[in-house]
Amino acid sequence: IWAELLGVERVGRNDNFFELGGHSLLAVTLIERMRRRGMQADVRALFVSPTLADFATAAAVVVSALEIPPNRIPANCAAITPEMLPLIDLAQSDIDRIVATVPGGAANVQDIYPLTPLQEGIFFHHLTAAERDVYLLDSILSFDTRDRLDRFVAAMNALIARHDVLRTAVVWEGLPEPVQVVWRTAALTVEDVGFDPANGEIAEQLRARFDSYRYRLDLKRAPLMRSFA
């Protein structure tokens with residue numbers, strides 16, 4: 001995997017991933033490719049043990065097929081307890097801290113589980129980057145009427161309601177590890193910013209105000225999308 005990823009013919013046991021040309025983004029790709037081949041490792045382990053031999057000792061081979069237990073959080077749940085979360089081991093105080101971040105409380109929590117290795121890598125870059133949020137990909141759309149914009153947002157919200165991943169937030173503050181929190185209900189809304197055409201093209205004003213080098217996404221709020229007009 002190292003040879004394929006780094007574009008080298010041969011890798012020795014004492015070779016250093018970063019000295020061979022690896023970097024943080026390739027490290028995330030490495031963890032994902034390992035996962036596809038039945039191996040598991042934390043991206044942080046590569047930074048601590050960057051040689052092949054040392055890193056290999058930190059990697060685990062997944063020998064059993066992945067079994068996903070059924071969701072144990074009932075609809076309209078008033079309180080979530082540790083036994084309702086088979087995918088993660090959390091104290092009740094941790095669960096209460098997570099639930100407090102969700103509008104509507106426990107009744108709006110569908111599931112809680114850890115980040116995947118690839119998600120851990122992206123989240124690591126989000127926390128450590130001084131500028132440019134890696135979670136941000138921006139796009140500018142134009143509509144000839146407000147009605148068309150409203151219909152587009154309604155269609156997006158229908159999509160969000162259908163797919164769990166679009167209703168997922170990330171919570172980490174005060175917890176032993178970052179977690180994914182799937183909301184039962186999350187909606188994309190349009191925030192009216194009120195740009196003045198006298199100050200130039202509206203599209204350029206949007207780009208300047210929400211430039212990913214300065215603007216950061218609030219990961220604790222699902223969906224991980226924001227809309228401004």
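Below, all heavy atoms of this structure are taken into account, side chains as well, without hydrogens, waters or symmetry copies.
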message = Please determine whether the number of non-hydrogen atoms from other residues, nucleotides or ligands lying under 6.0 Å from atom CD of Glu83 exceeds 12.
response = yes
Nearest heavy atoms of Ile122 and Val134, plus distance in Å = O-CG2, 3.5 Å
query = Looking only at side chains, do Thr116 and Gln119 share a donor and an acceptor under 3.5 Å apart?
reply = yes
request  = Would you check if the side chain of Asp196 reaches a backbone N or O of Asn199 as a donor-acceptor pair within less than 3.5 Å?
outcome  = no
ask   = Is there a path of hydrophobic side-chain contacts, each under 4.5 Å between heavy atoms of I, L, V, M, F, W or Y residues, that connects Val170 with Val181?
value = no
request  = For the pair Gln92 (side chain) and Ile80 (backbone), establish whether a donor and an acceptor sit closer than 3.5 Å, ignoring hydrogens and angles.
outcome  = yes
key: Interatomic spacing from CG in Leu224 to CG in Asp218 - rounded to 0.5 Å   = 9.0 Å
inquiry  = Within this structure, what is the CG-CD1 distance for the pair Leu90 and Ile112, rounded to the nearest 0.5 Å?
reply    = 7.0 Å
task = Decide side-chain contact (heavy atoms from CB on, under 4.5 Å) for Leu136 and Phe210; before the verdict, give the C-alpha distance in whole Å, the side-chain angles of both, and the deciding distance to 0.1 Å.
result = CA-CA 10 Å; Leu136 280 181; Phe210 300 105; over 6 Å; no
query = Does one hydrophobic cluster hold both Tyr213 and Ile140, with members joined at side-chain heavy-atom distances below 4.5 Å?
reply = no
message = A side-chain contact here means heavy atoms from C-beta on lying under 4.5 Å apart; do Pro69 and Leu87 qualify?
response = yes
key: Residues clustering with Phe143 (ILVMFWY side chains joined when closer than 4.5 Å, directly or via others)   = Leu141, Leu149, Phe152, Val153, Met156, Leu159, Ile160, Val165, Leu166, Leu188, Val190, Met225
query = Should Val179 and Val182 be regarded as members of a common hydrophobic cluster, given that ILVMFWY residues are connected when their side-chain heavy atoms come within less than 4.5 Å of each other, either directly or indirectly?
reply = no
remark   = Sorted by chain and residue number, the ring-ring contact (aromatic ring centres under 6.0 Å, His included) partners of Phe195 (sequence neighbours excluded) come out as none
query = Could you go step by step and tell me if Glu177 and Arg44 meet the salt bridge (Lys or Arg N to Asp or Glu O under 4.0 Å) rule?
reply = CA-CA 13 Å; Glu177 64 176 303; Arg44 291 169 291 188; over 6 Å; no
ask   = So, do Phe17 and Phe55 have ring centers that fall under 6.0 Å from each other?
value = no
task = Run the numbers on Thr51 and Arg13 for side-chain contact (heavy atoms from CB on, under 4.5 Å), then give the verdict.
result = CA-CA 7 Å; Thr51 64; Arg13 68 177 63 220; over 6 Å; no
N/O donor-acceptor pair under 3.5 Å between Asp211 side chain and Ala208 backbone = no
request  = Start with the C-alpha gap between Tyr215 and Arg226, add the side-chain angles, then the distance that decides, and say whether side-chain contact (heavy atoms from CB on, under 4.5 Å) holds.
outcome  = CA-CA 11 Å; Tyr215 181 77; Arg226 303 293 178 267; 3.7 Å; yes
key: Result of checking Leu115, Ile98, Leu127 against Trp172 for side-chain contact (heavy atoms from CB on, under 4.5 Å)   = Leu127
ask   = Do you know which two heavy atoms are closest between Leu26 and Leu5, and how far apart they sit?
value = O-CD2, 3.4 Å
task = Can you establish whether the number of heavy atoms outside Arg148 located under 6.0 Å from its atom CZ is more than 12?
result = no
ask   = Salt bridge between Glu191 and Arg209, side-chain N to carboxylate O under 4.0 Å?
value = no
key: Side chains of Val171 and Pro178 in contact at under 4.5 Å (non-hydrogen atoms)   = no
Trace of the ring-ring contact (aromatic ring centres under 6.0 Å, His included) decision for Phe18 with Phe47 = CA-CA 9 Å; Phe18 300 101; Phe47 288 90; 5.2 Å; yes
query = What pair of heavy atoms forms the shortest contact from Met34 to Ala41, and how long is it?
reply = CE-CB, 3.9 Å
request  = Supply the atom-to-atom distance Leu175 CG to Ser93 OG, rounded to the nearest 0.5 angstrom.
outcome  = 9.0 Å
message = Using only atom types and a distance under 3.5 Å, with no angle test, would you say the side chain of Asn108 pairs donor to acceptor with the backbone of Arg184?
response = yes
request  = Mind checking side-chain hydrogen bond (donor to acceptor under 3.5 Å, both in side chains) for Glu120 and listing every partner two or more places apart, or none if nothing turns up?
outcome  = none
Separation of Asp138 CG from Asp133 CG (nearest 0.5 Å) = 11.5 Å
key: Heavy-atom check, side chain of His125 versus side chain of Val28, under 4.5 Å   = yes
key: Within residues 150-168 or reaching into it, pairs that qualify as side-chain hydrogen bond (donor to acceptor under 3.5 Å, both in side chains) - sequence neighbours excluded   = Gln110-Asp164, Gln110-Arg167, Arg146-Asp150, Asp147-Arg151, Asp164-Arg167
Shortest non-hydrogen separation from Leu217 to His126 and the atoms involved = O-CE1, 3.9 Å
Salt bridge (charged side-chain N to carboxylate O under 4.0 Å, His left out) partners of Arg72, counting only residues at least two apart = none
key: Derivation of the side-chain contact (heavy atoms from CB on, under 4.5 Å) call for Ile88 and Leu85   = CA-CA 6 Å; Ile88 191 169; Leu85 306 175; 4.0 Å; yes
Between CG on residue Leu46 and CH2 on residue Trp2, distance to nearest 0.5 Å = 6.0 Å
query = Members other than Leu25 in its cluster, when Ile, Leu, Val, Met, Phe, Trp, Tyr link by side-chain heavy atoms under 4.5 Å?
reply = none
query = When you measure from the side chain of Gln40 to the backbone N and O of Arg35, does any donor-acceptor pair fall under 3.5 Å?
reply = no
inquiry  = How long is the straight-line distance from CD1 of Ile1 back to CG of Leu52, given to the nearest 0.5 Å?
reply    = 10.0 Å
task = Report, as yes or no, whether the 6.0 Å neighbourhood of atom CG on Asn76 holds more than 12 heavy atoms from other residues, nucleotides or ligands.
result = no
task = State, to 0.1 Å, how close Gly121 and Val43 come at their nearest heavy-atom pair, and which atoms those are.
result = CA-CG1, 4.0 Å
task = Write down the atom of Trp183, the atom of Pro103, and the distance for their closest heavy-atom approach.
result = CH2-CD, 3.3 Å
Short side-chain to backbone donor-acceptor contact, Arg97 and Gly174, under 3.5 Å = yes
